[in-house]
Amino acid sequence: MIKKAILPVAGLGTRFLPASKSIPKEMVTVVDRPAIEYVVKEAVAAGIEQIILVTHSSKASIENYFDRNFELETTLENKKKFDLLKEITEILPPHVNVISVRQPQPLGLGHAVLCAKAVVGDDDFAVLLPDVLVKDSSDTNDLSLMIQRFADTQASQIMVEAVPDHMVDQYGIVDVASTPAEGRSIVMQGIVEKPALGTAPSNLSVVGRYILPAKIMQLLEQTPKGAGNEIQLTDAIAMLQQTEVVEAYRMKGQTFDCGSKLGYLKAVLHYGIDHPQLGESFKALIQELT
Ligand code: G1P
């Protein structure tokens, strides 16, 4: 089973300025915790045990967040604030560890994934792009369904969702014979990064959740610069798909693009109304405003 997940967090978050000027965009708060915690928890809920952050020198606060903070813990203990102490020490279960590697140059998503090659070794792995939050529609999360499908078929899994036709040029887009039902996978005939409007093979966009074989690292080493003059993960997946079956998995849950300001506000609304303690009061607040 897939136990390792790569989370590329080295990007400077220009879409989220000024908020991301001096804190990582991944640390911007969604309700009462940083956005990155939702993504890490999604991975852990799917059975991931090792989180590999591909990071940048300006992003140490992400690593600090998943580390222990002895001084804070001692202070909370002395003040008998045991609820808060539990909250900050139980962000991740003890069997999950977080490792960081650096992406020394901003050469693209494919390059970021390649930076984790030595940590991944011979293991197949997941990739989760932290700009996008994926909210489950039911008890089973989409990533765990992809992992199960990979275990059953050995076919790489690329999570997709339908987007309006005028937005296809912002995403990786897959080529499939037909649109699968939600929660189902279909063999992919191709994948292209940010196609020009009117040229896309479908309106199924790559969400930013992937289950990939270890061998994709060798393909990434050979991948030339593509869209945006960057080494694209999409292009390595296109190469992989020349030699073996790669499947598009159509998600059941809902996505929030926290890399964009409106997507972020939408996430705050949705996660806010579902929050176990704040949800009811937050709903009342929204009603008051409308
Ligand atoms: C990346 C991927 C793209 C994917 C998108 C999802 O692009 O390259 O295929 O659709 O994430 O958010 P980026 O948004 O980093 O330009």
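Nothing fancy with the numbering, it's 1 onward along the sequence. As the structure lists them, so they are numbered: ligands from 1, and atoms in each ligand from 1. Computed from a predicted model, the values in this text were never measured in an experiment.
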Listing request: all salt bridge (Lys or Arg N to Asp or Glu O under 4.0 Å) pairs with a residue in residues 177-197, at least two apart in sequence or in separate chains. Glu182-Arg250
Test item: Val28 and Cys258 side chains (from C-beta on) under 4.5 Å apart, heavy atoms: no
Please work out whether any backbone atom (N, CA, C, O) or any side-chain heavy atom from C-beta onward of Val207 is under 4.0 Å from ligand 1, and answer side chain, backbone, both or neither. backbone
Just let me know how Gln232 lines up against ligand 1, side chain, backbone, both or neither, with a heavy-atom cut-off below 4.0 Å. side chain
Backbone or side chain, does any N or O of Val132 fall under 3.5 Å from an N or O of ligand 1? no
Establish, from distance only, whether the side-chain atoms of Ser185 and Gln157 form a donor-acceptor pair under 3.5 Å. yes
Does Lys194 come within less than 4.0 angstrom of ligand 1, counting non-hydrogen atoms of the residue? yes
Can you tell if the side chain of Pro8 reaches within under 4.5 Å of the side chain of Leu109, non-hydrogen atoms only? yes
Rounded to the nearest 0.5 Å, how far apart are CG of Leu233 and CG of Leu114? 10.5 Å
Output all residues satisfying ring-ring contact (aromatic ring centres under 6.0 Å, His included) with Phe256, sequence neighbours left out; order by chain, then residue number. His270, Tyr271
Looking at non-hydrogen atoms alone, which of Leu129, Thr255, Asp257 comes nearest to atom 11 (O) of ligand 1? Leu129
Tell me: protein heavy atom nearest atom 5 (C) of ligand 1, and distance? Val206 O, 3.9 Å
At under 4.0 Å between heavy atoms, which part of Thr234 makes contact with ligand 1: side chain, backbone, both or neither? side chain
Scan the protein's non-hydrogen atoms and note whether one is under 4.0 Å from atom 13 (P) of ligand 1. yes
Working to the nearest 0.5 Å, report the span between CD1 of Ile36 and OH of Tyr65. 10.5 Å
Residue Gly172 vicinity, atoms of ligand 1 by number, heavy atom under 4.0 Å: 3 (C), 4 (C), 9 (O), 10 (O)
Taking N or O atoms only and a 3.5 Å limit, does Glu193 qualify as a polar contact for ligand 1? yes
Could you say whether the N/O atoms of Arg15 and ligand 1 ever approach to under 3.5 Å? no
When you check the gap from the basic side-chain N to the acidic O, do Arg33 and Glu87 get nearer than 4.0 Å? yes
Contact check: Leu109 vs ligand 1, nitrogen or oxygen atoms, below 3.5 angstrom: no
Measure the CG-CE distance between Leu129 and Met159 for me, rounded to the nearest 0.5 Å. 10.5 Å
I'd like to know whether ligand 1 has Asp131 as a neighbour, heavy-atom separation below 4.0 Å. no
